[in-house]
Each structure stands twice: as structure tokens, then as C-alpha cells.
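Structure, as C-alpha cells:
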Amino acid sequence: MALLLGVDTGGTYTDAVLIRNETEVVAKAKALTTRHDLAIGIERAISAVLEQSGADRGQIGLASLSTTLATNALVEGQGGRAGLIYIGFREQDIDGQGLGEVLAGDPAVAIAGGHSHAGAERVALDETALRAWLETNSGVSAYAVAAQFATRNPAHELRAAGIVQEVTGRPVSCSHHLSARLNGPKRALTALLNARLIGMIARLIDRAEDTLERLGIHAPLMVVRGDGALVSADQARERPIETILSGPAASIVGARWLTGADEALVSDIGGTTTDVAVLRDGRPMIDPAGAKVGPWRTMVEAVAMRTTGLGGDSEVHVLEEGLHGGVSLGPRRLIPVSLIASEAPEVVHAALDDQLRRTVPNEHDARFVRAVPGLEADGLPEREQSLLQRIGDQVHPTGKILKTRLEGQALKRLIARGLVQLAGVTPSDASHVLGRLKDWDAPAARKALELVGRRRTGSGNMLCPAPKALAQMIVDQLTHQTSLALLETAFAEDAYEFGHSLEDLARHVLMQRGLAHHKGLVRIESGLNVPVVGLGASAPSYYPAVGQRLSCRMVLPEHAGVANAIGAVVGRVTIRRSGTVTCPAEGKYRVHLETGPEDHSDAEAAMVALQNALTAEARAEAEAAGAEDIHTHAARDLRSAQAEGREVFLEAEITVEATGRPRVAV
């Protein structure tokens, strides 16, 4: 029987696992994710499992990849420079719908065009304006196109995409390819985020394929989508935004495979995020409103999951307000000081020692920067370009790199572009100080925590001069914030509507006192009523305290640290396609297809025509994804109204799902 190879590339670690007969874990391994060249971490992890297992590489019949890179990029506001082409909307709509915030300075243009609700051309596409705009923009890695009512007639999006490729040769993301639903601004946002991720995900897939080839593994490569299903590498390149929540979705599939749990909360802690989802009847819940990652609500179908910027490598913030102060975590990921010290020990220890000799704390103490080599830096303003050149290819104390406060803002923009990485104190450093981790440089972590502990609170006293006590404070804060994330998810999915915001419910004094088992004149008890499956390499270190805090059973499976990689190869190929039949006039039933509107005189005939077209499309994509033994299922959502004593057809939405097993090479 062929072996299955699963790989998960996360923000901190790259995991690999070999599974035999879809029932037995043969070997597993971890390697640090190498941001500057992802292939290095992938090759180290795969090579380790091959060495452990002694497996014949020719026996590997399928390789599959899950990743948190797209999720992390959106949470951290990173990605390539993308241009937005907004067709049929006004220029002011870009800011009015929140797209300006998403663009964050990237170029955008609103041009004439678009269609009506019924799919008829409302205004001709202004090709001249589009070509003129394209000629004035440079340094754009990909483009997003969103046209008014493109899901009813995509002609203008398709024509604009053709012009973009003709003029620039850059990848183009069309909004109607990502969602069949109305809501132009949200489709535009989804297409823009997709365009921003194209280069990042393409590099990951390319490097993964190169690595497999170099290691003599000739199995086809699959990628996990955000709903836990598998797609081909080529499909993931075209629609990288569908891989947001890929890693977390794979972890849920892996959690079910590892535990057999039917009803549970699944919490996966990584380096950057904590992802919480619900298992019901052994299946992950799908978010009907579209995946929400960080501040963005997309139109991508994905598991119903709450992603919080909280992980082992989350930034530690000192709360200086109040008499006692404290710490908070996230949402940004930093390189742990203990890790960067293991890579550049002389620079880091010399800087930490120098900072410890000073009597006055500085905001840049225990902070370091380094550039990420090999990434495109096109279109940078002069200040950012100069700062990037100054950083070069070395690790530097942040305080020695920044000469002015304006350069501080420039550094933030370089970090947001993913061109520079920032190192600082994280929970991983706290774990090294507490002796829970021994992977990196514990003495550097201790020095860094001593520096952070010297920061002053509102009372004028030091926050916490003892590194070990500060380390425990940081870990306790991680327990607290993880508990809040689990409670918010539980309230969101509970059958009872509590009538308050999820954040207020989780933080309410009665809930928090109940978790502490308050017993005064009033006795209050609260907690979770379902088990929690804890996943992630650091779950055994952090999550027992979370289970104790929430008074619930904490399940920590044997292979929890590689659940994502396991889920990557035990999933199925699933393709869903949706379409609409409308009634623009009595006796006319319009099918909205990729090739344009098609009219029928009978409602049933129109729905059959749409269902047949969607079935053919879904089956073809499933086959292209490498599926076999494909089964299809169609669902109709009919909307009608009563008029003069008879039922009148208004609209029908049809969804076809094609599912099959991934083809395994033998």
C-alpha cells in the first residue's frame, strides 16, 4: 500500500508526517520554517521523516500541503502589492466600503462599466481608461478585478482581466471566480486579498514541488483548502485566498482522525495564531458568512473558525497604565529573542548585555530586526528603501537602526510588506525561562525578560524585575487569552441567543468569577460543557492550565503537534459550485453562466440547465484536482412569493458538490 506524505508550513515550524494505509503514523518530524526560502524548512522536515521511517521514496503515492501562511499574512497585514480595478462603481465607493483601508496605499481605479441585476450591460466598459491607468502603475505584483453584478454577467471582469494580462503580464484575480454571491464590495475585498496572496502562495507551492522532485518523490502535490478539502497545486495557485485557514482546517480534519471526537471544540495553537472551531457529528462547521481572518470578512467558503492573533511567538506588550501594570499578547508575531540569539549569538548577547548596563529602560530594549532575503522590494519609497539597505543581511538591535521617529513608521511599513522581521519577547521566551522549552537560547531569553521587566508601571515601580516571575505572568496571560477565545467560540455556536456581544459574554464578571468557582453568599460555577481537543506543538505545555481554567476535559492526542500535516493527507477532494436562476420578466427564466445569461421559458428547464452546467464544472474541477470515484450532490434554494392567490417564482440558487478520494500514484 502506498504511503501518504503530509506537510504543513506554519509561521514558525514546518511539519511532515508519513501515514500508511490511512490508519498508521509511520514517522513525524519538525523543522523551523525558513521564511527567506521555504524549501529549506520543507526539505529538512521531509528528509527527517524519510530517515526515521527508512521508507522507499517510490512508495509515496500522494503528497499534500497545508499552510497557515495565507492566514498569518492577513492577520499581520502582509502580502504583495496589488492593484484594484473597480468597474461600475464610483471612486468614493472605494473608501466608503472600507476598501481603502484594505488597499493601505496600493493603487486602485474606478472605471465605467458593469451590468444590471438581470445581467444586462448597464454601461460599456471603459477600456481606454483602464489601459491608461495600467500604464501609470509599476511595482504591482497582481491585480484584482471586481465589476458590478459580475456574478450575473462576468463579461466585463473577463475582458478587463484580459487587458491586464495583455498590458502587464501580471496575474489577475476576478471576483466572480471566488464567489457566486452578490455584494460587489465584499467580492472586491476578497479578490484584492486573493491578488495580494498570489505571489506568496505560488512561491510556497513552487518550492514544495522543487523539494519533492529533488528528494526523488514523484507523487502529485495537493493543497488543503480553507474548508478542509484538497485541491491540486495549480488550483491553489489560481485561488490562493481559498487556502486561508488551510492549516487550521487541516488540523480539524486531523483532530477528528486522531481522536474520533464527534462533539468538541478544537483549539490549535501555532506560532502566530490560535484557531478555534467546533466539531459537530464529527464534521467541522462551515461559516455561512464567509471566512473571517483578522479584521477581514471574506466571501471564501471555509470552516467556521475564530482566528485570534495569539500564539507561542506573539508579541508581548507591557501595560504601563494603572498601579500594577501587566502584559498582553499579540496579534503580531515576532521572532523570539531566544531563536534569533541562536542564529546570531554574538550580536544579540552583546546588545542585551549593553542594554542591561544602562539605568534607564528604552522602548527598543530586547528588540532586533533583520531583512528577509530574496523578496521583491519594488515600489518602495526612498525612506523605506534606504532603511532596508541599512539593515542589509545582518541582525541589528532595533535602537541602533532607527535614527528618527519617521524611520519607525518606515520600519512598520517594511514589516507589513514582509520585507523585514522583528524579534522581541514572546511566550516562547517565557517558556525557555521556565524550563519548559530547551530548543533555543535560554540565557538570551532570560536577559530579554529582565529588560522588559524593568519597564515602569503607573505607580513608578518596575513591572516585574524577576525574569522567572515575569515569564509566569506571560504564560498566565496566554492561558487567559486562550480561554477567552474558546469561550467566544462556544457562545457563538451555542443554541441559546444570549443577546450580548461575544467579547462581553466571555469577559463578563459573572463568567470570570464562575471560572474561579466563586463561593460567597452567591455560588457561581461556569465553564465549557464539551471537551477541548488541544493541538499544536506547544499545546501540551500551555493547554492543561486552559482545561483547568475552563473546568473541561482537555484532550491532547499523541500526535497533536503534527495534526495539520496529518489532516493534509486524510482529507477528500471537494468542489462546490453555485449559480442563480432569476426571473427578469414574467415567463422568462434567466440562467447566469460564465458564458453569459441564458434565457428559458420554463423555470424547471432553467434550473435543470444550470444544475447540469454546475455539475459538469464541479466534476471537471474535481478531476483536475486529482479526484477519483467522484460523486455529485445538488441542492436547490427556491425563493418565491404569493401574488393574487398563486405562487410566483422569484429566484433559485443551486449548489452542486462533487466529492472524491484523492488519486494515489502506485
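The figures that follow rest on heavy atoms only: side chains count, while hydrogens, waters and symmetry mates do not.
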Can any side-chain N or O of [X] pair as donor or acceptor with the backbone N or O of [Y] at less than 3.5 Å?
X	Y	value
Ser141	Gly80	no
Asp15	Asp8	no
Glu209	Leu221	no
Gln52	Lys28	yes
Ser64	Ala568	yes
Lys30	Ala537	no
Gln421	Ile335	no
Ser53	Ala55	yes
Arg170	Tyr143	no
Thr67	Thr9	yes

Handout entry: Thr482-Tyr542 side chain donor-acceptor pair, cut-off 3.5 Å
Key = no
Practice task
Ignoring hydrogens and angles, state whether a donor on the side chain of Thr14 or Thr33 is under 3.5 Å from an acceptor on the partner side chain.
Solution key: yes
Do the side chains of [X] and [Y] get close enough for a salt bridge, i.e. N-O under 4.0 angstrom?
X	Y	result
Arg577	Glu594	no
Asp281	Arg283	no
Arg280	Asp262	no
Glu621	Arg225	no
Arg203	Asp206	no

Is there a side-chain contact between [X] and [Y] (heavy atoms, below 4.5 Å)?
X	Y	answer
Ile630	Val573	no
Glu213	His218	yes
Val562	Val25	no
Thr274	Gln481	no
Val303	Asp275	no
Ser578	Leu614	no
Ile252	Met305	yes
Leu50	Ile60	yes

Minimum heavy-atom distance between [X] and [Y], given as atom pair plus value:
X	Y	result
Ser179	Arg187	O-CD, 4.0 Å
Ser173	Ala191	OG-O, 3.3 Å
Val224	Ala250	CG1-CB, 4.0 Å
Ala261	Arg256	O-NH1, 2.9 Å
Val49	Ile46	CG2-O, 3.0 Å

Mind checking the [atom1]-[atom2] spacing from [X] to [Y]? Nearest 0.5 Å is all I need.
X	Y	atom1	atom2	result
Thr632	Ile575	OG1	CD1	13.0 Å
Ile85	Ser175	CD1	OG	11.5 Å
Asp268	Thr273	CG	OG1	7.5 Å
Glu238	Ser232	CD	OG	7.5 Å
Ile42	Ser47	CD1	OG	11.0 Å
Asn194	Leu178	CG	CG	5.0 Å

Practice task
Just do the side chain to side chain contact (heavy atoms under 4.5 Å, CB included) check on Leu380 and Leu419 with the steps written out, would you?
Solution key: CA-CA 11 Å; Leu380 285 179; Leu419 297 171; 3.9 Å; yes
Exercise for the section: Report the C-alpha distance between Leu32 and Tyr13 in whole Å, list the side-chain angles of each, state the deciding distance to 0.1 Å, and finish with yes or no for side chain to side chain contact (heavy atoms under 4.5 Å, CB included). Expected result: CA-CA 4 Å; Leu32 282 170; Tyr13 283 107; 3.8 Å; yes
